[in-house]
Amino acid sequence: MKEQKVKPSILPGFMELLPKDQILFNKMMDTIRRNYEKYGFVPLDTPLIEKSEVLLAKGGGETEKQIYRFTKGDTDLSLRFDLTVPLARYVAQHFSELNFPFRRYHIGKVYRGERNQKGRFREFYQCDIDIIGNGKLSIINDAEIPSIIYSTFKDLGFEDFTIHINNRKILNGFFESVKVDKKIEVLRIIDKLEKIGYDAVIKELEEIGIEKDSIERIMEFIGIKGSNDDILLKLKELNIENEQFLLGLDELNKVVHYIRCFNVPEKNFIIDLTIARGLDYYTGTVYETILNNYPQIGSVCSGGRYDNLAEFYTDQKLPGVGISIGLTRLFYQLREAEIIGENASSTLSEVLLIPMGETLDYSIEVANSLRNEGIVCEIYYEDAKIGKKFAYADKLNIPYVILIGEDELQRKMVSLKNMSTGAQNIIEISEAAETIKNRL
RNA sequence: GUGGAUAUAGUUCAGUUGGCUAGAGCGCCAGAUUGUGGCUCUGGAGGCCGUGGGUUCGAGCCCCACUAUCCACCCCA
């Protein structure tokens, strides 16, 4: 009788990686963290689980349906579905102990119980930065955010990407000026322009009952193209007298000005009147970042300005601006597109030490010396044929092997083998360390 | 929540109009004179063919139900 085994599997929508991918993933996360810290953001970590009353304070259908919610005893618990709501709670709770503007970054997992789909996960990492002001927050912050995006994606190894920038006030003001009241619906539709195309947008606008005349003006408006200065000029020349519109245009002018001060190249950011962001809490500047060689991936980093972060937890007026990188999705899609992962290694080890015969004591001594030099190494302790030990180094892509037998022990030296060239010679430990450190 | 597909070895997939003991690649294990990996060769392990019912002399294949997974819409990172 065979024992019945439990099938090893994880829930759909949860991603776990093999070592070679996890190493890449962690490198990306380190790069993002380093960039966030470079701009003076402080780290924050909050519980994965929050009280349901806290997470659900805002109410509203879509997110609420996606929340993982359960009870333990009498406690009503929920898994966080983003990092912004916990931030709001945190800032409201510790308001008196924090210094404003509060600049924090937060890298962590969030949970959404959605129907499964390609590139969509139920558990995924978000890498957020937000700047929260007490009462007010300078528009220059809105310009610094793209600078951080630029620096980060540059460091991640991308050259050709564009940060699309828009301002909700301009959109809202414009809609008011053409007498459109279904602003949120219209925003959602024009946000889809890139995806569904010009004609489909018109069709959808007709379907929700927008006047032909208004549709024409909307399409004309979102069709405004050109350089950043061109667009700013064209917007001004629309001569719209709406207060919101003019406020938004003024903000956008300042944002563009200061982005240039931050030395973000002109080719890496563009005013794009079609991006709106679905989320209804954005009130000013909004961002989306597109990798130009892979537009099908969609936005890899998005965010914007909001008026009041923590209105459900405090009377304090806390405006903020922030962005989020969906690292899990970004990584997944980069790997799917075979942009990364080509020559990935399955280990961090730079060298494998293979002891032969009674040389373990000496081998450990060698490993100690190498590690003191900052070299990542491991020793193969198991009893096996030498061929199997070399095969281990080979399969893990460990670039060097150090072979330690009786001969090496006697001479207090090591045999260093370069696994890609096959070259091998007996040298001093210090010389081996130098060789390994100097590779590439 | 709505719509559409799929389910065979660890994995990716074959499997003819229903017919003998269900196959292949990759991976895994072992070997090809025991101080040398990749390449090659030889051998081996590994399957309730998603689950339950039905049709049939006979079902991996046909029918029904269930379950699971995937894809798209909605929404989002």
Side-chain angles (χ1 to χ4, degrees), chain A residues 1-2 4-5 7-15 18 32 60-67 80-84 107-128 184-185 187-189 191-192 195-196 200 204 276-282 287-290 297-304 322-334 352 354-357 359 380 383-409 414-426:
Chain A
M1 278 297 278
K2 252 186 183 173
Q4 193 69 36
K5 303 286 189 192
K7 187 185 178 190
S9 63
I10 59 170
L11 293 162
F14 288 71
M15 180 172 87
L18 291 172
I32 293 168
E62 221 30 72
T63 42
E64 189 166 345
K65 273 188 278 177
Q66 296 176 350
I67 290 180
R80 65 187 181 201
F81 61 91
D82 70 9
L83 299 176
T84 308
I107 298 173
K109 283 175 170 179
V110 302
Y111 297 83
R112 293 184 196 176
E114 300 182 275
R115 277 288 269 275
N116 208 24
Q117 205 182 137
K118 198 177 185 67
R120 163 171 306 191
F121 297 89
R122 288 177 172 157
E123 177 189 69
F124 57 96
Y125 275 94
Q126 284 195 326
C127 310
D128 280 29
I184 299 285
E185 286 99 318
L187 281 179
R188 291 223 163 110
I189 292 169
D191 196 36
K192 289 196 282 187
K195 197 174 175 184
I196 63 177
E204 290 203 22
R277 307 259 64 237
L279 286 177
D280 47 11
Y281 57 74
Y282 292 122
Y287 317 96
E288 282 193 2
T289 306
I290 307 291
I297 287 179
S299 174
V300 294
C301 167
S302 31
I323 46 148
S324 179
I325 300 175
L327 181 56
T328 302
R329 179 184 280 182
L330 176 62
F331 179 85
Y332 172 84
Q333 281 166 324
L334 292 177
L352 176 71
I354 299 181
M356 310 261 320
T359 61
Y380 200 106
D383 190 23
K385 282 193 187 174
I386 184 115
K388 192 180 166 76
K389 297 177 183 178
F390 270 92
Y392 176 82
D394 188 51
K395 275 189 282 196
L396 263 57
N397 272 312
I398 302 176
Y400 288 97
V401 160
I402 280 179
L403 199 61
I404 298 169
E406 301 293 346
D407 188 32
E408 286 84 354
L409 171 62
V414 295
S415 285
L416 179 70
K417 176 166 181 169
N418 180 320
M419 291 296 281
S420 52
T421 65
Q424 177 177 333
N425 33 32
I426 298 193

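Order of the sequence lines fixes the chain letters, A, B, ..., with proteins taken first and strands second; residue numbering starts at 1 for each chain.
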*Roughly how far, to the nearest 0.5 Å, is the CG atom of A:Leu330 from the CD1 atom of A:Ile297?*
7.0 Å
*asked:* Work out how far the P atom of B:G10 is from that of B:U56, and round it to whole angstrom.
replied: 34 Å
*P atoms of B:G60 and B:G50, separation to the nearest Å*: 10 Å
*Looking at residues 121-128 of chain A, who's got a heavy atom less than 4.0 Å off RNA chain B?*
A:Phe121, A:Phe124, A:Gln126
*Any side-chain heavy atom of A:Asp128 within less than 4.5 Å of one from A:Thr84?*
yes
*Any side-chain donor paired with an acceptor under 3.5 Å for A:Ser415 and A:Glu408?*
yes
_Between C1' of B:G3 and CD of A:Gln117, the distance in whole Å_ = 12 Å
*Taking for each residue the nucleotide of RNA chain B bearing the nearest heavy atom, is the 5' side occupied by A:Gly13 or by A:Arg120?*
A:Gly13
*Quote, to the nearest angstrom, the P distance that separates B:A9 from B:A24.*
14 Å
*Can you list the residues that meet the ring pair (Phe, Tyr, Trp, His ring centres under 6.0 Å) rule with A:Tyr400, with sequence neighbours excluded?*
none
*Within the structure, does a side-chain N or O atom of A:Gln66 lie under 4.0 Å from either OP1 or OP2 of B:C75?*
no
*Spacing of the P atoms in B:U21 and B:C49 (rounded, Å)*: 15 Å
Heteroatom pairs (N/O) under 3.5 angstrom, protein to nucleotides 4-11 of chain B:
none

*asked:* Measuring only the C1' atom in each nucleotide, how far is B:G44 from B:C48? A whole number of Å is fine.
replied: 23 Å
*Decide, yes or no, whether a salt bridge links A:Arg122 with A:Glu114 under the criterion of side-chain N to carboxylate O below 4.0 Å.*
no
*asked:* What is the distance, to the nearest angstrom, from the CD1 atom on A:Ile290 to the P atom on B:A77?
replied: 13 Å
*Given B:C76, B:C71, B:A72, which nucleotide is nearest the side-chain atoms of A:Tyr332?*
B:C71
*Looking only at atom types and distance, does a side-chain atom of A:Thr328 sit under 3.5 Å from a main-chain N or O of A:Tyr125, one as donor and one as acceptor?*
yes
*Rounded distance in Å - OH (A:Tyr282) to P (B:C75)*: 16 Å
*Which stems does RNA chain B form, counting runs of 3 or more consecutive Watson-Crick or G-U wobble pairs with both distances under 3.5 Å?*
B:1-7 with B:67-73, B:10-13 with B:23-26, B:28-32 with B:40-44, B:50-54 with B:62-66
*For A:Met419 and A:Asp394, run side-chain contact (heavy atoms from CB on, under 4.5 Å): C-alpha distance rounded to whole Å, both residues' side-chain angles, the deciding distance at 0.1 Å, then the answer.*
CA-CA 7 Å; A:Met419 291 296 281; A:Asp394 188 51; 4.3 Å; yes
*Verify the contact: side-chain N or O of A:Arg188 to OP1 or OP2 of B:C76, cut-off strictly under 4.0 Å; return yes or no.*
yes
*For A:Phe331, ring pair (Phe, Tyr, Trp, His ring centres under 6.0 Å) partners two or more places apart*: A:Phe25
*How close do A:Gly13 and A:Asn116 get, heavy atom to heavy atom, and via which atoms?*
CA-OD1, 3.6 Å
*Look at A:Lys192 together with A:Glu204 and state whether they make a salt bridge at an N to O cut-off of under 4.0 Å.*
yes
*Rounding to the closest angstrom, what is the interatomic distance between B:C66 and B:A5 at atom P?*
16 Å
*Partner of A:Leu403 by side chain to side chain contact (heavy atoms under 4.5 Å, CB included), out of A:Lys417, A:Lys389, A:Met356*: A:Met356
*Rounded to the nearest angstrom, tell me the gap between atom CZ in A:Arg80 and atom C1' in B:A77.*
14 Å
*Go along nucleotides 32-37 of chain B 5' to 3' and tag each nucleotide: B for a protein heavy atom under 4.0 Å from its base, S when only backbone or sugar atoms are that close, - otherwise.*
S--BBB
*Looking at every strand, decide which applies to A:Lys109 at a 4.0 Å heavy-atom threshold: base, sugar-phosphate, or nothing.*
nothing
*Between A:Tyr332 and A:Phe121, does the ring centre distance come in under 6.0 Å?*
yes
*Rounded to the nearest angstrom, tell me the gap between atom CG in A:Asn116 and atom P in B:G1.*
14 Å
*Expressed in angstrom and rounded to an integer, what is the separation of A:Glu114 atom CD from B:C73 atom P?*
13 Å
*Pairwise C1' distance, B:C13 and B:G47 [rounded to whole Å]*: 15 Å
*asked:* For a side-chain contact (heavy atoms from CB on, under 4.5 Å) check, start with the C-alpha distance between A:Ile404 and A:Ile354, then their side-chain angles and the critical distance, and finish with the verdict.
replied: CA-CA 6 Å; A:Ile404 298 169; A:Ile354 299 181; over 6 Å; no
_Do A:Ile325 and A:Ile32 have side chains that approach each other closer than 4.5 Å (heavy atoms only, starting at C-beta)?_
yes
_Applying side-chain contact (heavy atoms from CB on, under 4.5 Å) to A:Tyr111 and A:Phe81, what does each step give before you reach the verdict?_
CA-CA 5 Å; A:Tyr111 297 83; A:Phe81 61 91; over 6 Å; no
*Roughly how far apart, to the nearest Å, are B:G15 and B:G31 at atom P?*
37 Å
